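Remember, it's a predicted structure, so these values are computed and weren't measured experimentally.
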Amino acid sequence: MMPEMTRGRFGAPSDALNLRRLHRENRRVAWVSYALAATMAASVLGYFVAVKREKPAAKPLAMEFIIRKPLAKKSFRMRKAQVQKRVMTRRVVASKPKLAHTPPREIRRADALGNVAVFAHQIDAGASVGTGTVTPEIASVEIRSSKDPEKRISMQEEFLDLNALDTGKYRGMVIQDPTDRRNIRGFVYLALAWGNDLQPDAPRSVSRLADGINAYTGIQAKVADHMFLDSPELFKTPFVYITDKDGFELTDKEIESLGRYMRSGGFVFADNDRPDLNFGPAEASLRSMFGQALGRDGNLQRIPNSHPIFNSFFDLDGPPVGGEYLSVRGNPDIFYLNSAEATDVYYQPDEVQFLEGVFIDGRLVAVYSDMGYGSIWQDEFENEPQLRMGVNLVVFALTQEGSIAQQQIDFYTQLTE
């Protein structure tokens with residue numbers, strides 16, 4: 001029962017509350033609430049502490065290869081047995097006396113290529129059969145040697161086997177009889193030039209030219225495949241063939257290498273593979289190539305038909321006709337173009353009956369051709385005149401004074417003297 005409220009003007013229902021009793025009851029409830037909260041927190045903490053942590057997942061099953069060292073079945077020993085030190089002993093053998101043989105007083109050998117050493121000697125020998133010994137006594141030995149420097153050395157007289165020198169160190173060495181230019185022997189590696197932008201259109205031309213040299217001459221000709229103009233091997237090669245049907249540009253390194261090659265004894269045969277085009281891109285590139293490599297010395301000059309290049313091996317009246325003639329429809333007796341009367345007519349826009357060359361200090365270092373010989377060399381037949389011209393070019397490049405081949409001959413001769 002609530003106490004009766006105080007009556008009066010300022011009386012209120014809250015005046016009947018017992019504040020001490022209310023405070024005491026609220027404090028008891030608060031402590032009970034705190035106890036329950038602490039109990040719940042302790043329970044949660046104990047749960048997480050008591051629960052065990054999860055173990056990491058096991059690795060999947062996998063196969064493991066174990067390579068075991070082989071077991072030695074035999075005892076270890078050295079494969080090479082120790083050899084006893086060799087003892088050198090001197091063996092003395094008594095030789096039987098022989099009768100002395102007196103050789104001829106003089107020995108002379110004829111040299112077709114020049115005067116050869118003449119040996120004049122005399123031997124006095126005494127011999128006795130028995131306990132005496134044979135003691136030959138040389139009375140005098142005289143050696144005289146004279147050889148004209150302008151003549152080539154002779155392989156037979158100098159005991160020089162050029163084929164035995166074909167070991168890769170030299171790319172061409174030949175010897176030619178000055179009295180008979182057909183008597184020539186040796187070997188040569190022909191090179192087809194390649195460059196960064198230069199890609200020959202007739203890759204089999206040089207190999208067919210090599211076959212012609214092997215058939216006509218005593219020179220063993222081979223091909224040095226893919227000779228790049230900036231390669232150090234270029235300076236060992238005595239003959240380089242440059243051809244193309246399209247325009248090309250040489251790099252600075254290729255231009256520098258080509259110029260040093262021609263100045264140091266090299267020989268270049270540049271052939272326009274599109275002679276049917278007047279002032280075509282291949283012709284422009286080949287002509288400008290010499291000016292870039294040699295500067296003012298790279299001017300092309302007309303080679304007269306009396307030049308030694310036309311009789312270095314075969315006797316030719318001049319350069320044979322090449323691929324500058326085109327087979328078109330027309331009258332077979334006269335030159336027509338775009339005619340339909342007949343077939344198999346040969347037409348040449350601008351007839352060229354000469355070769356051009358580059359001369360440095362009187363030496364022919366390069367030949368330019370508007371004939372397109374390379375494509376004709378690749379034909380199976382009707383190319384003999386063009387092959388003969390190619391043989392003359394190679395023989396001239398090998399035998400010309402100051403060429404790489406002659407420099408190699410002179411260098412080897414100095415080593416063997």
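Remark: Tyr368 OH to Leu300 CG distance equals 8.0 Å, nearest 0.5 Å. We find the CD1-CD1 distance between Ile219 and Ile184 to be 3.5 Å, quoted to the nearest 0.5 Å.
By the 30° and 60° cut-offs, the orientation of the rings of Phe228 relative to His226 is tilted.
Formation of a donor-acceptor pair under 3.5 Å by the Asp273 side chain with backbone atoms of Thr243 is not found in this model. Although no hydrogens or angles enter the test, the distance criterion places a donor-acceptor pair under 3.5 Å between the side chain of Gln386 and the main chain of Val321. Judged by distance alone, the side chain of Asn272 and the main-chain N or O of Arg274 form a donor-acceptor pair under 3.5 Å. With hydrogens and angles ignored, the 3.5 Å screen pairs no side-chain donor or acceptor of Ser312 with any backbone N or O of Val395. Side-chain atoms of Arg208 come within 3.5 Å of backbone N or O of Gln378 as a donor-acceptor pair. When atom types are taken as modelled, the side chain of Asn214 and the backbone of Ala221 share a donor-acceptor pair closer than 3.5 angstrom. Not a single donor-acceptor pair under 3.5 Å links the side chain of Gln406 to the backbone N or O of Ser403. Tyr241 places no side-chain N or O within 3.5 Å of a backbone atom of Asp271 that could act as its donor or acceptor partner. Asp197 contributes no side-chain N or O that, together with a main-chain N or O of Phe248, makes up a donor-acceptor pair within less than 3.5 Å.
No donor-acceptor contact under 3.5 angstrom links the side chains of Asp230 and Ser257, judged on distance only.
Counting only heavy atoms from C-beta outward, the side chains of Val358 and Asp297 never approach each other to under 4.5 Å. When side chains are defined from C-beta on, Leu258 counts as touching Met289, because their heavy atoms get closer than 4.5 Å.
A salt bridge does not link Asp211 to Arg204: none of the charged side-chain nitrogens sits closer than 4.0 Å to a carboxylate oxygen.
Heavy-atom neighbours of Glu25 CD from other residues, nucleotides or ligands within 6.0 Å: above the threshold of 12. More than 12 heavy atoms of other shown residues, nucleotides or ligands fall within 6.0 angstrom of atom CG in Asp180.
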